[in-house]
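Below: the structure, in structure tokens.
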Amino acid sequence: MPVAASAIYFLNLRGDVLINRLYRDDVGGNMVDAFRLHILQTKELGTCPVRQIGRCSFFYMRISNVYVVIVVSSNANVACAFKFVVEAVAMFKSYFGGAFDEDAIRNNFVLIYELLDEIMDFGHPQNLSPEILKLYITQEGVRSPFSHKADKPIPNATLQVTGAVGWRREGLVYKKNEVFLDIVESVNLLMSSKGCVLRCDVTGKILMKCFLSGMPDLKLGLNDKIGLEKESQIKSRPAKSSSKTIELDDVTFHQCVNLTRFNSEKTVSFVPPDGEFELMKYRITEGVNLPFRVLPTIKELGRTRMEVNVKVKSVFGSKMFALGVVVKIPVPKQTAKTSSRVTSGRAKYNAAIDCLVWKIRKFPGQTEPTLSAEVELISTTAEKKPLTKPPIQMEFQVPMFTASGLRVRFLKVWEKSGYSTVEWVRYITKAGSYEMAVVALPLNHLLLVRKVSTAPAYR
């Protein structure tokens, strides 16, 4: 593993050293002078966070009024170094009560030196979990949340530092054992005025909140294609053709997931951390379900008038409905006034954003409400320029609808005491941030649809 740091410095905005720690002897103690002379005084801090000066490399980051500088002289892992800084600052904040600035460092320099010796060994990062460090590192004025319980000894502190389950401490007890699982998705969609999808993808993550006693082992099953095929091979029977499967791309897991078991059985098995955490991330590029189709038509009626017609069609089931639907239709900046007619909801011109804002509180499935508007423009003597047509934007919530089709097939909890658990699952699809320049055409306009779909929790 490449070295992450040969030395680390904490500097104020003037370049004065607050605290420093040398982990290896391949850099000198005066390296901070080179950083102050070649970077701080030349005002090149905003250009690049990695600089090469002589034979040494400097990785620096500003947090509040403090510069954290890492110095290396060998082929270091840059990503590991910056990850170490981010995690170390979060750990310091947990000790300092949420603050990390020059005053906090000056008031806690003894504690910082002790922590720097624990979180890095000879340039290699070690355990940076505040929950684990607070079990055995205490300092007057910054005490561990577990240290005030003098009548109960700390359970297996050494095992939690060096063991395989360092993200969860033993001895947790809850009266009611519950697991909350949220599938949160962000959808990016670019659609033409004729309803043709030009680009569509979904990025999602699975968030969990666990309130479980003891040291439970969880197993999660999804309707992904690889997992179902592997399960059918283990059971020596073909998978059901009627069950819908999806292909997950670019999957990343939390450190608690057993990757060896996932590679062999294609099941997500893990011992969860206590509380809220992100289990996995994924991306889907095929088979995305679109809840709405938008068909706009914009006609220019002379130099000072134009006609806007927008039809929004809901393609989900007739027993379902969307909530909080907002359609933003851009109009020219020289708009004087508008008059609109809608078959559902309300429409109003918003001069601050140069848009017709169409709001529908409740949008049933399999319906096609329309908007017709006449826009009057301010007459000018300047030469007429081609009308620019920014994309149309949408926001909405659709309960019990998922854009990717991802579903939880099962969520099993096993613990040696055999207690019963309550599992809750919720699906949420939100709008993704998406921007793209659209070529203006006379009667063919591109639109950008932003979507937010939510589904209530169920058991």
Side-chain angles (χ1 to χ4, degrees), residues 187-200 288 290-316 322 324-398 431-452:
V187 182
N188 299 324
L189 174 65
L190 182 64
M191 184 181 293
S192 71
S193 59
K194 295 183 179 180
C196 299
V197 178
L198 304 180
R199 179 180 176 180
C200 187
V288 178
L290 302 178
F292 289 98
R293 290 188 178 273
V294 182
L295 302 176
T297 303
I298 302 177
K299 299 180 181 179
E300 298 182 39
L301 306 176
R303 295 176 60 90
T304 60
R305 291 178 61 241
M306 60 183 295
E307 184 180 85
V308 179
N309 294 288
V310 178
K311 179 188 293 185
V312 181
K313 180 180 180 181
S314 56
V315 298
F316 45 85
V325 178
V326 179
V327 184
K328 297 180 181 179
I329 307 156
V331 294
K333 292 185 178 180
Q334 62 271 25
T335 299
K337 66 176 183 177
T338 63
S339 60
S340 57
R341 301 177 302 276
V342 295
T343 59
S344 178
R346 296 181 179 180
K348 186 178 180 180
Y349 170 60
N350 190 334
I353 58 176
D354 297 320
C355 286
L356 282 170
V357 181
W358 181 15
K359 296 182 179 181
I360 303 176
R361 260 182 96 183
K362 191 173 182 179
F363 198 129
Q366 299 297 319
T367 57
E368 298 182 10
T370 58
L371 175 144
S372 300
E374 292 185 1
V375 180
E376 294 187 13
L377 308 178
I378 299 174
S379 179
T380 60
T381 58
E383 183 180 356
K384 184 179 179 181
K385 297 180 180 180
L387 182 64
T388 58
K389 305 174 182 66
I392 293 178
Q393 300 179 359
M394 283 194 67
E395 299 174 1
F396 50 83
Q397 299 179 350
V398 186
S433 178
Y434 197 96
E435 298 293 337
M436 178 175 285
V438 181
V439 179
L441 299 175
L443 292 176
N444 186 17
H445 318 288
L446 298 178
L447 54 108
L448 173 67
V449 179
R450 299 178 178 227
K451 67 176 67 175
V452 179

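None of these values were measured; they are calculated from a predicted model.
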Practice item. State whether the side chain of Thr304 and the backbone N or O of Ile378 hold a donor-acceptor pair below 3.5 Å, judged by distance alone. Key: no
Exercise for review: Would you name the heavy atoms of Gln366 and Val315 that are closest together and state the gap between them?
Suggested key: NE2-O, 3.1 Å
**Study point:** Sub-4.5 Å side-chain heavy-atom contact between Ser372 and Val308
**Key:** no
Check your understanding: Heavy atoms, side chains only, cut-off 4.5 Å: are Glu376 and Lys337 in contact?
Key -> yes
Check your understanding: What's the shortest heavy-atom distance between Ala351 and Asp354, and which atoms?
Key -> O-OD1, 3.3 Å
Check your understanding: Do you know which two heavy atoms are closest between Val325 and Ala322, and how far apart they sit?
Key -> CG2-CB, 3.8 Å
Exercise for review: Calculate, to the nearest 0.5 Å, the distance between atoms NZ and NZ belonging to Lys328 and Lys359 respectively.
Suggested key: 8.5 Å
Review point. Any side-chain heavy-atom pair from Ser340 and Trp358 closer than 4.5 angstrom?
Key: no
Exercise for review: Could you tell me which non-hydrogen atom of Pro369 sits nearest to which non-hydrogen atom of Ser344, and how far apart they are?
Suggested key: CB-CB, 4.0 Å
Check your understanding: Measuring from Leu356:CG to Lys348:NZ, what's the distance to the nearest 0.5 Å?
Key -> 12.0 Å
Check your understanding: How far does CG of Leu189 sit from CZ of Arg293, to the nearest 0.5 angstrom?
Key -> 9.0 Å
**Study point:** For the student: nearest non-hydrogen atoms of Phe363 and Phe316, plus distance
**Key:** O-CZ, 3.9 Å
Check your understanding: Is there side-chain contact between Val310 and Thr370, with heavy atoms separated by less than 4.5 Å?
Key -> no
Point to revise | Distance-minimising heavy-atom pair for Tyr349 and Cys355 | key: CD1-O, 3.5 Å
Practice item. Going by the side-chain contact (heavy atoms from CB on, under 4.5 Å) test, name the single residue among Ile360, Ile329, Val327, Thr343 that passes it with Leu371. Key: Ile329
Review point. Between Glu368 and Lys311, is the closest basic N to carboxylate O distance under 4.0 Å?
Key: yes
**Study point:** Test log, rule side chain to side chain contact (heavy atoms under 4.5 Å, CB included), inputs Cys200 and Leu290
**Key:** CA-CA 9 Å; Cys200 187; Leu290 302 178; 3.7 Å; yes
Point to revise | Contact check, side chains of Met306 and Leu301, non-hydrogen atoms, under 4.5 Å | key: no
